[in-house]
Amino acid sequence: MGLYTYYSYGLPSFLIVVIALYLLFTDSGEAFNVGRFLEESNPYAWGATGIGLCIGLSVAGAGWGIFVTGMLTSPQSIGWLLTLRFSIIFCEVVAIYGVIIGIVYSSKLTGVSEAQLYTPANYYTGFALFWGGLTVGFCNLLCGVCVGITGATAAIADAADPDLFVKVLVVEVFGSILGLFGLIGTYLAPYTLRALY
């Protein structure tokens, strides 16, 4: 465990500090300039990365939720199948949330000439699409895991006592609402953006 932690956290942090100190002490500190990187990067790249993260993390959350549902559920009786189907459907809806926002965000990317590309409005749109896509992606990733865990426990509870079906289904719906909050919050964001034109 200690060796894994060192290679995943300690070594990259150490390398970043060594490179930053090297640039600072050799009078090349302006080469390590985050602001210049943000100004010189393409707004389309930020927007497209946000759309990709939105769809990718949403699908990963749905897949992870379905995996958790299948792994935690023990087939105790035939009664748990209906609850398990609901859990898988809720996990698939999480992926659909990400696809919907990806389509909405992709409508904000339009063709523009090179001379008009690096404007403040285009940077704002590109960064907003990036952070909006990242937000909805992480909301749906966590929502998929939440729905998977509650779906598995709902299936086990339904197998033990069939009268609990509606009660555990309500708990699973509340877990699914996390992704809906991410969808609504990031769906409203593009209305404040201007299209890249």
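Excluded from the calculations below are hydrogen atoms, water molecules and symmetry mates; all remaining heavy atoms, backbone and side chain alike, are included.
Tyr118 and Val112 end up in the same hydrophobic cluster when Ile, Leu, Val, Met, Phe, Trp and Tyr side chains are linked at under 4.5 Å. In the hydrophobic cluster analysis, where Ile, Leu, Val, Met, Phe, Trp and Tyr join through side-chain heavy atoms closer than 4.5 angstrom, Ile184 is grouped together with Tyr105. Linking Ile, Leu, Val, Met, Phe, Trp and Tyr whenever their side-chain heavy atoms come within less than 4.5 Å puts Val104 and Leu109 in one cluster. Phe86 and Val171 are members of different hydrophobic clusters when ILVMFWY side chains are connected at heavy-atom separations under 4.5 Å. In this structure, Val59 is a member of the same hydrophobic cluster as Leu53, with clusters built from ILVMFWY side-chain heavy atoms closer than 4.5 Å.
Proximity of Phe90 to Leu169: side-chain heavy atoms (C-beta onward) are separated by under 4.5 Å at one or more points.
Between the side chain of Asn122 and the backbone N or O of Leu117, at least one donor-acceptor pair lies under 3.5 Å.
Between Phe127 and Trp46, the ring planes lie perpendicular to each other; the angle is over 60°, past the 30° to 60° tilted range.
In this structure, CD1 in Ile89 is found 10.0 Å from CD1 in Ile66, a value given to the nearest 0.5 Å. One distance of note links CD1 of Ile55 with CD1 of Ile100; it measures 11.0 Å at 0.5 Å rounding. Here Leu11 contributes atom CG and Ile16 contributes atom CD1; the two are 10.0 Å apart, rounded to the nearest 0.5 Å. The structure places CG of Leu183 at 11.0 Å from CD1 of Ile96, a figure rounded to the nearest 0.5 Å. Atom CD of Glu172 is separated from atom SG of Cys91 by 7.5 Å, given to the nearest 0.5 angstrom.
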Indicate every side-chain donor-acceptor pair of residues 129-152 with a distance under 3.5 Å to a residue at least two apart or in another chain.
residue	atom	partner	partner atom	Å
Thr135	OG1	Trp131	O	2.7
Asn140	ND2	Ser58	OG	2.9
Asn140	ND2	Val136	O	3.3
Thr150	OG1	Cys146	O	2.9
Thr150	OG1	Val147	O	3.2

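The minimum heavy-atom distance between Ala62 and Val94, with the atom names listed, is N-CG1, 4.4 Å.
Listed by first and then second residue, the salt bridge (Lys or Arg N to Asp or Glu O under 4.0 Å) pairs involving residues 39-68 are Arg36-Glu40 (not counting sequence neighbours).
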